[in-house]
Amino acid sequence: NIRDFIFQNNGATGSATGVTMSARGNVNRCTVASVRGYGMYSNSSTTFSECEAYDFNQSNTANLAGFFCCTAIRCIAHDGNQHGFRAPSNTYGNLWVGCIAHVCTKYGFYAAGLRTCAAYQCDAYNNTDTGFYIDSTGGVVENCNAVGNGGYGIHLGARHVCNNNGFGSGTEANTSG
């Protein structure tokens, strides 16, 4: 378990990740800033809670994210290149609860090709593309807000549940709906 650390400035070249978890564990109240690759990365059953990632993916490598993880609770990804949150492909039970993705240059929350993915009480605002892009074999977006994103507020594939979500209007509308 890792708690209460700040990780930052991991080089001037390459695409090194700020924090990598390769085994089951918990990362609590940690911050990653000014890193060349992913902010926080885990393709195992690590839980990130109350963590922050910003100024991530300075290498601008395609499809990287502030958080690449199965479970994130009350985490914030902002002011980074590419996605705020990205779920690993072909994993079960990906879960985002109470998370915020703000001013990311691609999707706020991104999941594709997965078994299941759920976002509850999350906010995606002012991202360059779609707020929630969930195109997996099953997913839920519930009690979330999508405001001022450059693409759709929420993009869902087939067999998904979308309940009680808020969308911007007027100057805070999502560009594509």
Side-chain angles (χ1 to χ4, degrees), residues 19 21 26-33 38-43 45-57 63-89 91-157 159-169 172-177:
V19 174
M21 296 292 289
N26 296 301
V27 179
N28 306 98
R29 297 181 308 271
C30 291
T31 298
V32 172
Y38 289 103
M40 298 190 187
Y41 178 96
S42 174
N43 59 3
S45 51
T46 297
T47 297
F48 295 97
S49 63
E50 299 177 3
C51 294
E52 177 184 23
Y54 66 93
D55 196 19
F56 51 85
N57 193 16
N63 283 322
L64 296 190
F67 291 88
F68 182 87
C69 61
C70 297
T71 303
I73 300 169
R74 294 182 305 278
C75 293
I76 300 171
H78 62 94
D79 300 294
N81 288 316
Q82 296 294 312
H83 315 297
F85 294 81
R86 182 176 168 213
S89 297
T91 57
Y92 292 95
N94 296 288
L95 178 65
W96 300 310
V97 178
C99 295
I100 298 171
H102 171 63
V103 190
C104 297
T105 63
K106 192 67 174 161
Y107 305 125
F109 296 84
Y110 175 66
L114 306 171
R115 302 289 185 208
T116 59
C117 184
Y120 297 103
Q121 301 167 341
C122 294
D123 296 321
Y125 58 100
N126 297 331
N127 296 294
T128 303
D129 207 317
T130 297
F132 296 86
Y133 187 99
I134 314 288
D135 196 6
S136 56
T137 55
V140 176
V141 178
E142 188 172 282
N143 296 325
C144 295
N145 294 303
V147 178
N149 295 293
Y152 291 99
I154 299 175
H155 167 93
L156 297 175
R159 298 185 307 265
H160 289 79
V161 177
C162 185
N163 287 325
N164 198 38
N165 297 297
F167 299 91
S169 64
E172 292 299 318
N174 298 294
T175 302
S176 299

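For this chain, numbers begin at 1 and follow the sequence in order. This is a predicted model, so every value here is computed, not measured.
In terms of the ring pair (Phe, Tyr, Trp, His ring centres under 6.0 Å) criterion, residue partners of Y125 (sequence neighbours excluded) are, by chain and number, H102. Residues meeting the side chain to side chain donor-acceptor pair (under 3.5 Å) test with N28, sequence neighbours left out: R3, S49. Scanning for side chain to side chain donor-acceptor pair (under 3.5 Å) contacts around N127 gives N149, with sequence neighbours left out. Considering only residues two or more places apart in sequence or on other chains, Y54 meets the ring pair (Phe, Tyr, Trp, His ring centres under 6.0 Å) condition with H78. Checked against side chain to side chain contact (heavy atoms under 4.5 Å, CB included), N163 has the following partners two or more places apart in sequence or in another chain: E142, V161. For the ring pair (Phe, Tyr, Trp, His ring centres under 6.0 Å) test, residues two or more places apart in sequence or in another chain that qualify with H155 are Y133. Here S45 pairs with R24 under the side chain to side chain donor-acceptor pair (under 3.5 Å) rule; sequence neighbours left out. For N81, there are no side chain to side chain donor-acceptor pair (under 3.5 Å) partners, not counting sequence neighbours. With sequence neighbours excluded, the residues that form a side chain to side chain contact (heavy atoms under 4.5 Å, CB included) with D129 are K106, Y107.
Screening residues 116-125 for salt bridge (Lys or Arg N to Asp or Glu O under 4.0 Å) gives no qualifying pairs among residues at least two apart or on separate chains.
Of the candidates W96, F48, F132, W96 is the only one forming a side chain to side chain contact (heavy atoms under 4.5 Å, CB included) with F85.
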| request: Output, in order, the C-alpha distance, side-chain angles, deciding distance and verdict of side chain to side chain contact (heavy atoms under 4.5 Å, CB included) for T130 and Y152. | output: CA-CA 5 Å; T130 297; Y152 291 99; 4.0 Å; yes

| request: Kindly indicate, with the supporting measurements, whether the criterion side chain to side chain contact (heavy atoms under 4.5 Å, CB included) is fulfilled by Y38 and V32. | output: CA-CA 9 Å; Y38 289 103; V32 172; over 6 Å; no

| Which is it for D55 and D79 under the side chain to side chain contact (heavy atoms under 4.5 Å, CB included) test, yes or no, and what are the steps along the way? | CA-CA 6 Å; D55 196 19; D79 300 294; 5.8 Å; no

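Atom CG of N94 sits about 11.0 Å away from atom CZ of R86, to the nearest 0.5 Å. Here the CD-CG distance, from Q121 to N165, works out to 11.0 Å after rounding to the nearest 0.5 Å. With rounding to the nearest 0.5 angstrom, the CD atom of E52 is 11.0 Å from the SG atom of C30.
Between M40 and T31 the shortest side-chain heavy-atom distance does not fall below 4.5 Å.
The two residues G150 and S176 come nearest to each other via the heavy atoms O-OG, 4.3 Å. In plain terms, the two heavy atoms of H160 and I134 that are nearest each other are NE2-O, 3.7 Å. When all heavy atoms are compared, the tightest approach of L156 to C162 is CD1-CB, 3.5 Å. Shortest non-hydrogen contact noted between P88 and S42 is CG-O, 4.0 Å. Among all heavy-atom pairs drawn from F109 and A101, the shortest one is CE1-CB, 3.7 Å. Annotation for N63 and Y110: closest pair OD1-CE2, 4.3 Å, computed over non-hydrogen atoms.
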Could you give the side-chain donor-acceptor pairs of residues 67-76 under 3.5 Å, partners two or more places apart or in another chain?
from : atom 1 : to  : atom 2 : distance (Å)
R74  : NE     : E50 : OE2    : 3.2
R74  : NH2    : E50 : OE2    : 3.0

